[in-house]
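Working notes, beginning with the structure itself.
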Amino acid sequence: MTRRSWIGWQFTAPFLALFTLVFLAPIAYSAYLSVFRTRLVGGTTFVGLENYTKALSDPQFWEAITRVVLFLLIQVPIMLGLALLVALAIDSGRLYGAGFFRVAIFLPYAVPSVVATLMAGFLYGIRFGLVGSINEALGLNLPDPLAPGWILATIGNIVTWEYVGYNMLILYSGLKVIDASLYEAAAIDGAGELRIIRAIKLPALRGPLVVATIFSIVGSFQLFNEPQVLDSLAPNSITTYFTPNIYAYQLSFAGQQINYSATVALLMGVATMVVAYLFQLRAMRGEAR
């Protein structure tokens, strides 16, 4: 190997070392743990794929997956739709104080998810907060947003509030790189604003929308902070298997089933990767047409 080649490796070595330490090593260790089982009597024994077979037939694991898939199918389109509308409004040049709105809508993303969830949890409480005050002041009987039937929608509302600004910034950045000459040509042809959006802006946003959707898919499957924080405010609504990540956490730290927890975590990592890849593949095929 030439000296020039070694220089390239020297530049990449810090990243490769950090990548191996914080990404590859934990995955490898989780895979190692997943093929063993630790019992109080008998110690740790090799069980092969038995933990995976158990997880794939575990009704609690599948209920958690079903819940996050439902969350993904409903919350993500609403969040990205709102982000798209806001990005288009700010980019239109007709919104007074566009700079202020851009910062104000992005600001919730700077609020830690734990703080945002605590704020929303106290806001939605029927014994305290806004919902309880409205019921008391107006004599209404609004449903409890923290009840089991509403808790997933409440979490969706919190996550949407947190990440609309983040996705708006991705889409807005995509709009700012569009060649201004396209707008001039469209204006000469007599195209209105709606026609410009359909013919120029939306096609240019295909790539940023794909990126934002992939990030949202990953975030949905990793849902943890919001339900975990709400567990203390709505203990009857958040189960120990509310999401796959919470299930893995409870198995490891509360149930002392570290091997099975590693199996659940690995299966969710693979599922997230497969879903995100299939979406990206489908989006790339649609773009190539």
Side-chain angles (χ1 to χ4, degrees), residues 67-111 113 116 120 152-223 226 271-289:
R67 190 174 287 111
V68 294
V69 169
L70 179 64
F71 181 86
L72 167 66
L73 294 177
I74 297 177
Q75 186 269 336
V76 170
I78 293 175
M79 177 179 64
L80 294 183
L82 291 173
L84 177 61
L85 289 176
V86 173
L88 290 172
I90 294 175
D91 185 67
S92 67
R94 301 181 180 182
L95 183 65
Y96 180 76
F100 167 79
F101 283 105
R102 185 169 64 246
V103 174
I105 294 172
F106 179 77
L107 193 59
Y109 178 68
V111 178
S113 60
L152 192 62
T154 298
I155 294 173
N157 186 33
I158 297 170
V159 173
T160 300
W161 181 80
E162 288 180 289
Y163 288 98
V164 161
Y166 172 78
N167 291 287
M168 176 273 297
L169 197 62
I170 294 176
L171 301 179
Y172 180 72
S173 299
L175 290 171
K176 298 309 292 182
V177 300
I178 299 176
D179 191 348
S181 63
L182 295 176
Y183 297 143
E184 296 173 0
I188 293 174
D189 291 339
E193 187 65 29
L194 291 178
R195 179 62 178 171
I196 291 175
I197 291 175
R198 290 197 305 267
I200 299 176
K201 293 186 177 183
L202 291 182
L205 287 177
R206 179 183 294 271
L209 276 171
V210 170
V211 172
T213 304
I214 291 176
F215 286 166
S216 300
I217 290 173
V218 174
S220 296
F221 278 109
Q222 291 181 343
L223 189 64
E226 289 79 10
T272 303
M273 180 180 65
V274 169
V275 173
Y277 175 74
L278 290 177
F279 174 81
Q280 182 182 13
L281 192 64
R282 182 176 179 82
M284 291 173 61
R285 287 179 178 176
E287 188 174 359
R289 292 177 182 175

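Note: hydrogens, waters and symmetry copies are ignored here, and every other heavy atom, side chains too, is used.
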Partners meeting side-chain hydrogen bond (donor to acceptor under 3.5 Å, both in side chains) with Asp179 (sequence neighbours left out): Ser181
Partner residues of Arg102 under the salt bridge (Lys or Arg N to Asp or Glu O under 4.0 Å) criterion, sequence neighbours left out: none
Pairs flagged by salt bridge (Lys or Arg N to Asp or Glu O under 4.0 Å) wherever residues 207-217 is involved - sequence neighbours left out: none
Over 12 foreign heavy atoms within 6.0 Å of CZ, Phe279: yes
Phe215 atom CZ, neighbour heavy-atom count above 12 within 6.0 Å: no
Hey, what do you get for [atom1] ([X]) to [atom2] ([Y]), rounding to the nearest 0.5 Å?
{"X": "Ile217", "Y": "Gln222", "atom1": "CD1", "atom2": "CD", "answer": "12.0 Å"}
{"X": "Leu88", "Y": "Ser92", "atom1": "CG", "atom2": "OG", "answer": "8.5 Å"}
{"X": "Asp189", "Y": "Glu184", "atom1": "CG", "atom2": "CD", "answer": "12.0 Å"}
{"X": "Asn167", "Y": "Ile105", "atom1": "CG", "atom2": "CD1", "answer": "12.5 Å"}

Nearest non-hydrogen partners of [X] and [Y], listed with the distance:
{"X": "Val111", "Y": "Ala116", "result": "CG1-N, 3.9 Å"}
{"X": "Pro208", "Y": "Gly174", "result": "CG-CA, 4.0 Å"}
{"X": "Phe106", "Y": "Gly165", "result": "CD1-O, 3.6 Å"}

Full working for side-chain contact (heavy atoms from CB on, under 4.5 Å) between Leu73 and Val69: CA-CA 6 Å; Leu73 294 177; Val69 169; 4.0 Å; yes
Report, one line per pair, each donor and acceptor closer than 3.5 Å where one atom sits in a side chain of residues 193-205; sequence neighbours left out.
from	atom 1	to	atom 2	distance (Å)
Glu193	OE2	Lys201	NZ	3.4
Lys201	NZ	Asp91	OD2	3.1

Tyr166: partners by ring pair (Phe, Tyr, Trp, His ring centres under 6.0 Å), with sequence neighbours left out: Tyr109
[X]: which residues meet the side-chain contact (heavy atoms from CB on, under 4.5 Å) condition with it, sequence neighbours left out?
{"X": "Ser113", "result": "Glu162, Asn225, Glu226"}
{"X": "Ala87", "result": "Met168, Leu171, Tyr172, Leu175"}
{"X": "Val76", "result": "Leu72, Leu80, Ser216, Ser220"}
{"X": "Ile78", "result": "Ile74, Leu82"}

Qualifying ring pair (Phe, Tyr, Trp, His ring centres under 6.0 Å) pairs with a residue from residues 67-103, counting only residues at least two apart or across chains: none
Sequence neighbours excluded - side-chain hydrogen bond (donor to acceptor under 3.5 Å, both in side chains) pairs with any residue from residues 70-88: Gln75-Thr160
